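First comes the structure, then the notes that go with it.
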Amino acid sequence: MAQKPSIPKGTRDFSPTEMVRRNYIFDTIKSVFQLYGYLPIETPAMENLSTLLGKYGEEGDKLLFKILNSGDYISKVPNPKIQNPKTSEITSFISEKGLRFDLTVPFARYVVQHRNDITFPFKRYQIQPVWRSDRPQKGRYREFFQCDVDVIGSKSLLNEVELIQIINDVFSRLSINCTIKINNRKVLAGIVEYIGEIEKFTSITVAIDKLDKIGIDNVKQELSLVGVSEKAIRQLSSILDFEGDMNENVVYLGKFFESVEIGKEGINEVKKVLSYLDGLNLSSKVEFDLTLARGLNYYTGAIIEVVASDVQIGSICGGGRYDDLTGIFGLPDVSGVGVSFGADRIYDVMLEKNLFPEGAQETTQVMFVNFGEKEQKYCLPFTHQLRSSGINAELFPEPAKLKKQMNYANNKNIPFVVLVGDNEMKGNYLTVKNMNSGEQKQMSLEEIISQF
RNA sequence: GUGGAUGUAGCUCAGUAGGUUAGAGCACUAGAUUGUGGUUCUAGGGGUCGCCGGUUCAAAUCCGGUCUUCCACCCCA
């Protein structure tokens, strides 16, 4: 033990208690996905850099983990570049693979590659880890799991509505209070067009995304810093200033868009989604939030984000519609929409709010104490019979001190311990100890089985 | 990528005007109790004080660097 072993920055081990809880999250998410008719797929941890680069904006490219080529990779670098190395120039020579950054882009790649085997609209879900070389902090890891659901090959807004229902179902099953925020990139595009700053679309949306965090004055300051004109800023703030309920806000915005085609389209989409939702009586709050932007560049229509109530951890689920993600891979005009659940953040929220059910801890239901060679042989068939009846059972593998065996059962939360020694074997009964009450009873195996 | 804080036993943490052999609780092992755990008592094992270097007769303690974790920014699940 000269050096203590460790794991890379921003990664974590998951011990049994944590895994039981994580599986609880994955299982409920999975069962909701299946309830709506989605099917699972998996894609490799690494993708070619060419499929990853340029899909997440400049910031995203920086956060990609790149994998060094195998073999003598340095010999492939042209000589002049080695003499005077610049990271940006030599990476393309020494790395051609990277760890996936999300599940949506690999999915688009998958769809293009398997287009002839897929029946559209294609509804799939995918639960796998992704990697980002971000600086870790609360709720932010370098390796984390995403749970994606997407429908691809359908422009219908029913898909947006369905995804919102799925979000609602998942979080209500997990007992998490949350707000589902929706917006539409076309609305944002409309605003930017209305104020005459089309070419600054990205910086403007990024700025207004921060509105509730840094306030209107700081947003204005940031906008003028990136070169948005004073007049445009004034127009923008009059749009953002509006206070009213969701429906009033939609009507108010509509007025600005009388001559802005894309904005009108966006507003109509929002209206339609909201009207469908009206009849569904969801338990979660759904909000139209003009300041919701989302950083990923490939979104073109609806955008969705979910924040947990009373826990400050960023969004626990997010997504949107992408009209042409498959286009970059050579299959144009296939629109898709999807959301991604952040399992690790959901875990953190549930831990903080104490939402994990108690019983999720239980593994072994009955343990046989091991008193020695003779007893082992005598007990083994009993464990087998219990398992055949669907009861989790184990026989302690060593004839260890009783104290150690009881301690093991106690730490593992095993509710029943069976003691079988000379007396029991002679009398043909089993001594069963209830580990919660401490009480002991003589029973037959059938009686034990009938207890469960 | 920028700024700030942090790091002592498996875990949570004490320990500075630099000075013998670095402590506690929990956990672990053994015994009190040779067939009874979760309560109690006793004893024991376990640390090159994150790592590297510097100052000093002497460094867990002071200085520099580096890494980790945490927090804010950027961005995001």
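First the proteins, then the strands, lettered A, B, ... as listed; each starts at 1. Since the structure is predicted, the reported quantities are computational estimates derived from the model, not experimental observations.
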Note: for A:K404 and A:N436 on RNA chain B, the residue whose nearest nucleotide lies more 5' is A:K404
In whole Å, I'd like the distance from the [atom1] atom of [X] to the [atom2] atom of [N].
| X | N | atom1 | atom2 | answer |
| --- | --- | --- | --- | --- |
| A:R142 | B:C75 | CZ | C1' | 14 Å |
| A:R135 | B:U68 | CZ | C1' | 12 Å |
| A:F416 | B:G37 | CZ | P | 19 Å |
| A:K9 | B:U6 | NZ | C1' | 14 Å |
| A:D134 | B:C73 | CG | P | 13 Å |

Around atom NZ of A:K66, are there more than 12 heavy atoms of other residues, nucleotides or ligands at under 6.0 Å? yes
Just wondering, do A:Q451 and A:F416 contact through their side chains at under 4.5 Å, heavy atoms? yes
With rounding to whole Å, what would you report as the distance between B:G7 and B:G25 at their P atoms? 22 Å
Would you say the base of B:G37 and the side-chain of A:N410 have a donor-acceptor pair closer than 3.5 Å? yes
Plane angle bin for A:Y322 and A:Y298 - parallel if under 30°, tilted between 30 and 60°, otherwise perpendicular: perpendicular
Could you please name the partner base of [N], counting Watson-Crick and G-U wobble pairs only when both distances are under 3.5 Å?
| N | answer |
| --- | --- |
| B:C62 | B:G54 |
| B:U16 | none |
| B:C28 | B:G44 |

Would you say A:Q137 places a side-chain N or O within less than 4.0 Å of OP1 or OP2 belonging to B:A72? yes
Using a 5.5 Å cut-off between ring centres and planes within 30 degrees, is A:F144 stacked on the base of B:A77? yes
Using distance only, find each side-chain donor-acceptor pair of residues 171-181 of chain A under 3.5 Å and give its atom names and separation, not counting sequence neighbours.
{"from": "A:S172", "atom 1": "OG", "to": "A:D169", "atom 2": "O", "distance (Å)": "3.4"}
{"from": "A:R173", "atom 1": "NH1", "to": "A:S31", "atom 2": "OG", "distance (Å)": "3.3"}

